[in-house]
Number of protein chains: 2
Amino acid sequence: MDRSGGRARHSGDLIASLSGRNPARNLHSDVLWELGLAIVSGQYAEGEILPPDSDLLDRFGVSRTVLREALKTLAAKGLIEARARIGTRVLPRNRWNLFDADVLAWFFELGPEVGFLRSLAEVRIGIEIEAAALAAERSVPELSAALIACVELMAIAETPADFARHDLEFHRLVAEASGNPFMASISALVEMALTAAFTISSPVNDPVALGVTVSVHRRIAEAIRDGDSHAARLAMRDAISQGFDRAAGRMEKEG
Amino acid sequence: MDRSGGRARHSGDLIASLSGRNPARNLHSDVLWELGLAIVSGQYAEGEILPPDSDLLDRFGVSRTVLREALKTLAAKGLIEARARIGTRVLPRNRWNLFDADVLAWFFELGPEVGFLRSLAEVRIGIEIEAAALAAERSVPELSAALIACVELMAIAETPADFARHDLEFHRLVAEASGNPFMASISALVEMALTAAFTISSPVNDPVALGVTVSVHRRIAEAIRDGDSHAARLAMRDAISQGFDRAAGRMEKEG
DNA sequence: TCGATGTTATTGTCATACTATTGCGGCTGT
DNA sequence: ACAGCCGCAATAGTATGACAATAACATCGA
């Protein structure tokens, strides 16, 4: 069940391409993704010790440098911890940095479960509601206009990918308008959530769903423009809940 | 040559020791912290290219292995991106993973500005309000009891450090009770915020402040026990706001 | 003028050796 | 028989030097 059939790459590429990133394709990244996936999938359980360097070296056929840099990267994301004579231990899940784009991508690579998507929607609600409220309080005409424009682009989007792009841009703008650097830092989270939702079920092909989605986003934009933080809160909650409900409903129907 | 004065270590130790972690003391970590601080402080500005490996090698007096692993760690946290022939570029701040414990620690190391503390309080409000509400909805007697017990420990804490420990444990329990893994993952954030607040001004030595703080935490615990998500929301908001107000007020008074 | 091409500075990768840390098991002394 | 010390060995940490891949830039040619 390995992906060793030639140079087939991890499918994080899809997500990366949507977000406009251009991740380097090097050995380090290959090893990183394979180990990252193995850990997130539970193939190496929490608290377990992974094979020693020498074994992993054989397995991947790379130099010690590459392997160790991959391990350092995993350690930086809170997935593992290396200690001399003990080995490299998988840390408990609550130490994992779930707000990291790669870690999230690994979860999605395994096929996101509905419970995971729900958790994601819950944090998004918490953070983005507050972002919307702050954006309303600190409303700047320029950004408000950009938000409105973004909604119009969503309304006329012709492909699911276009729609997702403008949706993502909308949420990014709200974060920016909040003036809080932490809000902007969760764009990876939003990106994943939207990518998942868009993959599972895009509203583009369903006129009714499209209308609902656009209108709730318009409510957000207008509330921010008008400096109405209460309305912004409510609208943002609706927007995220609806997105999740649509995806979850679809998953249920199909699965 | 190493940094003047022998083995003087970065002061993140204080934070680490409070939180019970036992960070490795190795060369890699030294280089990491020095570069991390330099970047966060703006000594290397966004978009700027840092000196090439060879220069940094001279500067730190370590092997290429160590330097490169430190750089990989910084890259994993979203602070830099290295490309052949170009150099190693400092990424724009919105790519930084502010939810990373190290990155946060570097911000605090520079002396947290009141605006930064406010931003932190804002995200905490967003996330922890939702966590408290979820905890109320999914209330489990066992955890509710633990929360109540935690409050009692806060009430009788004799030193600021003890108080901070129980405070931290309280918020950790709420996150756990929410049943949402993302909520637990932000403990690093809470940790930093509380450590900062505790450093700036602990309520332990002020009976009135202590009473207020304890009572608001008790309100949270009771609301969760009673399954009252609305009350839990309100109380959690109060708790975080009060903590921030106290620290901010103290900062203002002093300077 | 512009496009192809070589040059070169910089990161990426490799191989090997040595050092530091620390759990474990055996040794020693009581 | 037991406790504590102590050295062994397994593992990650560090060092060094070489070569490969990449891509901006200068150079050359049409």
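Fair warning: this is a prediction, and the values are worked out from it, not measured in the lab. A note on names: the letters A, B, ... follow the listed sequences, proteins ahead of strands, and every chain is numbered from 1.
Rounded to the nearest 0.5 angstrom, B:Leu57 CG and B:Arg59 CZ are separated by 12.0 Å.
Set against D:dA15, C:dT11, D:dA12, the side chain of B:Pro52 has C:dT11 as its closest nucleotide. Each of D:dA21, D:dA15, D:dA12 was ranked by its minimum atom distance to the side chain of B:Leu27; first place goes to D:dA15. Residue B:Arg85 places its side chain closer to D:dC25 than to any other of D:dA12, D:dC25, D:dT14. In the set D:dG13, C:dT10, C:dC14, D:dG13 carries the atom at the smallest distance from any side-chain atom of A:Lys72.
The CZ-C1' distance, from B:Phe60 to D:dT16, rounds to 19 Å in whole Å. In this structure, A:Arg68 atom CZ and D:dA12 atom P are separated by 8 Å, rounded to whole Å. Per the geometry, CG belonging to B:Leu57 stands 14 Å off P belonging to C:dT10, to the nearest Å. Taking atom CZ of A:Arg89 as the reference point, atom P of D:dT11 lies 14 Å away to the nearest angstrom. Rounding to whole angstrom units, CG of residue A:Asn26 and C1' of C:dT13 are separated by 10 Å. Rounded to an integer number of Å, the gap from CD of A:Glu81 to P of D:dA12 is 13 Å. Atom CG of B:Leu71 is separated from atom P of C:dT11 by 9 Å (rounded to the nearest Å). Rounded to an integer number of Å, the gap from B:Asp55 CG to C:dA9 C1' is 12 Å.
Between the side chain of A:Arg64 and the base of D:dG13, a donor-acceptor pair under 3.5 Å is found.
Along DNA chain D, the nucleotide nearest A:Thr65 and the nucleotide nearest A:Thr88 are compared for position; the residue whose nucleotide lies closer to the 5' end is A:Thr88. Mapping B:Ser54 and A:Val66 onto DNA chain C by nearest heavy atom places B:Ser54 at the nucleotide closer to the 5' end. Both A:Leu50 and B:Arg83 lie near DNA chain D, and the one whose nearest nucleotide falls closer to the 5' end is A:Leu50. Comparing A:Ile86 and A:Glu69 against DNA chain C, the residue whose closest nucleotide sits nearer the 5' end is A:Glu69.
A centroid separation of less than 6.0 Å is found between the aromatic rings of A:Phe116 and B:Phe182. Outside the 6.0 Å centre-distance limit, the rings of A:His166 and A:His217 are not counted as a close aromatic pair.
Residue-environment remark: CD (A:Glu48) exceeds the threshold of 12 foreign heavy atoms within 6.0 Å.
For the residue pair A:His28/A:Thr73, the side-chain donor-acceptor check at 3.5 Å is satisfied.
Look at A:Ser63 and you won't find any side-chain N or O under 4.0 angstrom from OP1 or OP2 of C:dT13.
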